[in-house]
Amino acid sequence: SKGAMLTHRNLVANIMQFESCAGDFIRLGEDVVITAIPMYHIFALMVNTLSYFKFGGTNVLITNPRDMPAFVEEWSKWKVTVFTGVNTLYNGLLHTPGFAELDFSSLGFSVGGGAAVQKAVSDKWKAVTGKHIKEGYGLSETSPILTINPFGSGEFRGAIGLPAPSTDISLRNDQGKEILQGERGELCAKGPQVMKGYWRNEEATAEVMTDDGYFCTGDIAVMDETGFFRIVDRKKDMIIVSGFNVFPNEIEAEVATMDGVLECACIGVPDEKTGEAAKVFVVKSDESLTKEAVRAHCKECLTGYKVPRQIVFIDELPKSTVGKILRRELRDY
């Protein structure tokens, strides 16, 4: 594990960037924030802890978010105004009895990060709470916020939003050249929130920093005609099927819309005919769901070479302490 050196300047800058983006949606001295992500994670450290300490908010710490019934019970005791979490956390709450009956009249906004927020989950969240999940994007190396969706927008765009103030985003190809708008490239960023470097690891630092001062994130992104950025997937998770690039996020997003699917994850596996093929792991919420039904759904929604060659039902997906699905561990199944 590489240690990203974040200076006081980095963190203070990111607090100010978040404050500028959120604007009037911050209720100074009045906000009640549910913090279910561990405070040692950069997302909860900067947004929930440092920012809302500055804003005079109340932090309600959920020490064991895996105990969803107890989580819902604790939420019921507060007039919550802000919630942050990863996609799996939102999904878990939505499938917990009693959550839909809570009072969400005070909820100002919900922010999703750490992993892609799926439209199916955001749609369900809005149906229950009245608010879409506001997706943002960042990494430990960037304190973390690089982009976020406008707080005044009530729609879900399936995008990571617009750059934070004083942040420059550059999409580049494998040769380090900037690409044209609408093309896919690695997201590189420059701004006051970008780390000083990796602790005692100059070689690793040099690998991710360009000569003109940009940090290379390892994420493939595209900018649409309105200037919003969308993450396609992690560069290292891309699957090459018969020479075509296939990104797990796209397949996961489609499978997640199915009734009977609690959550899912996709990886690439070796294939004799196509070089690589997609393999999907599915956790059921309905035991009657079949592999044939999943495959048929994918054939309707996806181009042929993107349809998973293998479908595996699994009791639980491996996750980090934050709740992020660990695709690398699925390679051992």
Side-chain angles (χ1 to χ4, degrees), residues 36 62 64-73 75-76 83 85-102 104 110 112 114-133 135 156 158 233 237 239 246-269 277-304 306-320 322-327 329-333:
I62 307 299
N64 182 17
R66 293 177 184 271
D67 185 350
M68 285 289 176
F71 188 165
V72 172
E73 173 63 24
W75 186 310
S76 71
F83 180 59
V86 296
N87 188 76
T88 53
L89 190 60
Y90 283 101
N91 194 42
L93 286 171
L94 290 167
H95 285 87
T96 301
F99 181 73
E101 284 69 54
L102 296 179
F104 299 104
S110 303
V117 175
Q118 294 172 335
K119 185 177 187 300
V121 173
S122 187
D123 287 346
K124 291 175 186 175
W125 188 261
K126 183 178 182 182
V128 171
T129 70
K131 300 284 195 308
H132 267 302
I133 301 170
E135 189 171 5
F156 181 81
D233 219 319
D237 289 336
I239 307 166
V246 176
F247 295 94
N249 276 350
E250 182 182 0
I251 297 173
E252 291 168 357
E254 290 297 345
V255 175
T257 64
M258 292 188 68
D259 292 333
V261 172
L262 178 60
E263 54 188 12
C264 61
C266 177
I267 63 171
V269 293
K279 181 177 182 179
V280 172
F281 295 84
V282 177
V283 179
K284 298 182 185 181
S285 60
D286 182 350
E287 284 303 315
S288 67
L289 183 68
T290 65
K291 294 180 182 180
E292 291 72 24
V294 175
R295 188 170 287 108
H297 176 82
C298 290
K299 285 182 178 179
E300 287 184 7
C301 304
L302 298 167
T303 304
K306 297 179 182 179
V307 174
R309 185 67 59 87
Q310 300 178 45
I311 297 167
V312 177
F313 291 125
I314 192 171
D315 292 333
E316 185 179 7
L317 294 175
K319 299 185 182 77
S320 69
V322 180
K324 189 174 182 178
I325 294 171
L326 301 174
R327 288 175 179 160
E329 293 193 8
L330 289 170
R331 301 186 192 284
D332 297 330
Y333 282 81

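- Put simply, the residue from Lys124, Glu252, Glu263 that forms a side-chain contact (heavy atoms from CB on, under 4.5 Å) with Gln118 is Glu252.
- Under a 3.5 Å cut-off, the side chain of Thr303 and the backbone N or O of Lys306 do not form any donor-acceptor pair.
- For Ile251 against Cys266, the heavy-atom pair with the smallest separation is CD1-SG, 3.9 Å.
- The minimum heavy-atom distance between Cys298 and Val307, with the atom names listed, is O-CG2, 3.9 Å.
- Rounding to the nearest 0.5 angstrom, the gap separating the CD1 atom in Ile311 from the CZ atom in Arg295 is 4.0 Å.
- With sequence neighbours left out, Lys279 forms a side-chain contact (heavy atoms from CB on, under 4.5 Å) with Ile267, Val269, Phe281, Gln310, Val312.
- Taking each heavy atom of Val261 and Ala256 in turn, the nearest pair found is CG1-CA, 4.3 Å.
- Atom CG of Leu289 sits about 9.5 Å away from atom CG of Asp259, to the nearest 0.5 Å.
- Not a single side-chain hydrogen bond (donor to acceptor under 3.5 Å, both in side chains) links Thr88 to another residue, sequence neighbours left out.
- Every residue meeting the salt bridge (Lys or Arg N to Asp or Glu O under 4.0 Å) condition with Arg309, not counting sequence neighbours, appears here in chain and number order: Asp271.
- Of all heavy-atom pairs between Gly85 and Tyr90, the closest is O-CE1, 3.4 Å.
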Under the side-chain contact (heavy atoms from CB on, under 4.5 Å) criterion, do Leu89 and Met68 qualify, and how do the steps go?
CA-CA 9 Å; Leu89 190 60; Met68 285 289 176; 3.8 Å; yes

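- Residues Ile314 and Tyr333 form a side-chain contact, since some pair of their non-hydrogen atoms from C-beta on lies under 4.5 Å apart.
- Across Pro69 and Thr96, no two heavy atoms sit closer than the pair N-CG2, 4.0 Å.
- Partners of Glu135 under the salt bridge (Lys or Arg N to Asp or Glu O under 4.0 Å) rule, at least two apart in sequence or in another chain, do not exist in this structure.
- At distances below 3.5 Å, not a single donor-acceptor pair connects side-chain atoms of Ser110 with backbone N or O atoms of Ile133.
- More than 12 heavy atoms of other residues, nucleotides or ligands lie within 6.0 Å of CG in Asp286, so this atom counts as buried by the packing criterion.
- Looking at residues two or more places apart in sequence or on another chain, you find no side-chain hydrogen bond (donor to acceptor under 3.5 Å, both in side chains) involving Asn64.
- Among residues two or more places apart in sequence or in another chain, the side-chain contact (heavy atoms from CB on, under 4.5 Å) test is passed with Ser285 by Leu262.
- Remark: Val128 engages Leu94, Phe99, Ala100, Phe104 in a side-chain contact (heavy atoms from CB on, under 4.5 Å) (not counting sequence neighbours).
- With sequence neighbours left out, Glu254 forms a side-chain hydrogen bond (donor to acceptor under 3.5 Å, both in side chains) with no residue at all.
- Every residue two or more places apart in sequence or in another chain that forms a side-chain contact (heavy atoms from CB on, under 4.5 Å) with Lys131 is listed here: Thr129.
- The backbone N or O of Asn249 sits less than 3.5 Å from a side-chain atom of Asp233, completing a donor-acceptor pair.
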Given side-chain contact (heavy atoms from CB on, under 4.5 Å), test Leu93 with Trp125 step by step and report yes or no.
CA-CA 9 Å; Leu93 286 171; Trp125 188 261; 4.2 Å; yes

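- Every residue two or more places apart in sequence or in another chain was checked for a salt bridge (Lys or Arg N to Asp or Glu O under 4.0 Å) with Asp67, and none qualifies.
- For His132, the ring pair (Phe, Tyr, Trp, His ring centres under 6.0 Å) criterion is met by Phe156, not counting sequence neighbours.
- Listed by chain and residue number, nothing satisfies the side-chain hydrogen bond (donor to acceptor under 3.5 Å, both in side chains) test with Lys324 (two or more places apart in sequence, or in another chain).
- Between Cys264 and Val280, the shortest heavy-atom contact is CB-CG1, 4.4 Å.
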